[in-house]
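Read through the structure below, which is laid out as structure tokens, and then see the notes.
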Amino acid sequence: QVQLVESGGGLVQAGGSLRLSCTAPGRTFSSYAMGWFRQAPGKEREFVASISGSGGRTYYSGSAKGRFTISRDNAKNTVYLQMNSLTPEDTAVYYCAADADRYWRDTYYTSNSYDYWGQGTQVTVSS
């Protein structure tokens, strides 16, 4: 089974940056599209960003576009989320997920379309 391990969360002041990482073992990492989702207290889990297996195509939520960058290094079996210009509204538990669906283009924004999930990492933006 795919096991996703997340890291990089923490406490940061408004306007600061964080870089989240998600690593998976195995030989099939590049076969999976990868996504980042987040869930704030009292809110539904929401889509943040997604990237194709090759890294050639990316998607972002409206709030992430222009501030966040998703990338991947398939040689390291790792996907990243670089978050800049953070605000308190970005405070949430961030999850990475893997999607083997060949029609990922149609469902990249839907959490229940992803097959595997990480444990989540807390991001807290103060002020």
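In this text the structure is predicted, and so the values were computed from the model without any measurement. In what follows, residues are counted from 1 in the order of the sequence shown.
Of the possible donor and acceptor atoms, none in the side chain of Asn74 sits under 3.5 Å from a partner among the backbone N and O of Ser30. A donor-acceptor pair is defined here as one N or O able to donate and one able to accept, closer than 3.5 Å; such a pair exists between the side chain of Gln119 and the backbone of Glu6. Of the possible polar contacts, one joining the Thr91 side chain to the Val125 backbone as a donor-acceptor pair under 3.5 Å is found. Side-chain atoms of Thr28 never come within 3.5 Å of backbone atoms of Ser31 as a donor-acceptor pair (strictly under, hydrogens ignored). In this structure, Thr110 contributes its side chain and Asn112 its backbone to no donor-acceptor pair below 3.5 Å. When atom types are taken as modelled, the side chain of Tyr114 and the backbone of Tyr108 share a donor-acceptor pair closer than 3.5 angstrom. Looking at Thr121, its side chain does come within 3.5 Å of a backbone N or O of Gly9 through a donor-acceptor pair. No donor-acceptor pair closer than 3.5 Å links the side chain of Ser127 to the backbone N or O of Ala14.
Each of Leu20 and Val5 belongs to its own hydrophobic cluster when Ile, Leu, Val, Met, Phe, Trp and Tyr are linked at side-chain heavy-atom distances under 4.5 angstrom. Both Phe37 and Val93 are part of a single hydrophobic cluster, where members link through side-chain heavy atoms under 4.5 Å apart.
Cation-pi geometry between Arg45 and Tyr95 is met: the NZ or CZ atom falls under 6.0 Å from the ring centre, inside 45° of the normal. Relative to the ring axis of Phe29, Arg72 places its NZ or CZ within 45° and under 6.0 Å from the centre.
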side-chain contact (heavy atoms from CB on, under 4.5 Å) between Arg57 and Arg105, intermediate numbers included: CA-CA 9 Å; Arg57 184 177 295 276; Arg105 290 182 183 179; 4.0 Å; yes

Chi angles and distances behind the side-chain contact (heavy atoms from CB on, under 4.5 Å) call for Ser61, Glu46: CA-CA 9 Å; Ser61 69; Glu46 67 173 348; over 6 Å; no

side-chain contact (heavy atoms from CB on, under 4.5 Å) assessment of Phe68 paired with Leu81: CA-CA 7 Å; Phe68 296 0; Leu81 184 68; 4.1 Å; yes

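The line from OH of Tyr116 to CD of Gln3 is 10.5 Å long, rounded to the nearest 0.5 Å. Note that CD of Gln13 and OG of Ser126 are 5.0 Å apart. Values are rounded to the nearest 0.5 Å. Note that CG of Asp99 is 9.5 Å distant from OH of Tyr32, once rounded to the nearest 0.5 Å. Atom OG of Ser52 is separated from atom OH of Tyr59 by 8.0 Å, given to the nearest 0.5 angstrom. Taken to the nearest 0.5 Å, the CE atom of Met34 stands 8.5 Å off from the OG atom of Ser50. With rounding to the nearest 0.5 Å, the separation of CZ in Arg19 from CE in Met83 is 11.5 Å.
Side chains of Asp73 and Thr78: no donor on one and acceptor on the other come within 3.5 Å. At a cut-off of 3.5 Å, with distance as the only test, no side-chain donor of Trp117 or Ser111 sits close to an acceptor on the other residue.
The shortest distance between side-chain heavy atoms of Thr23 and Leu4 does not fall below 4.5 Å. Proximity of Leu11 to Val123: side-chain heavy atoms (C-beta onward) are nowhere separated by under 4.5 Å. Inter-residue side-chain proximity for Lys76 and Ser21 is flagged as unmet; no heavy-atom pair is nearer than 4.5 Å.
Contact detail for Tyr60 and Ala49: the closest heavy-atom pair is CD2-CB, 3.7 Å. Heavy-atom minimum distance, Ala92 versus Gln39: CB-O, 3.4 Å. The shortest non-hydrogen separation linking Ala100 to Asp115 is N-OD2, 2.9 Å.
Under the 6.0 Å cut-off for aromatic ring centres, Trp36 and Tyr80 do not qualify, their centroids lying 6.0 Å or more apart.
The side chain to side chain contact (heavy atoms under 4.5 Å, CB included) test with Val12 singles out one residue from Asp90, Thr124, Leu18, and that residue is Leu18.
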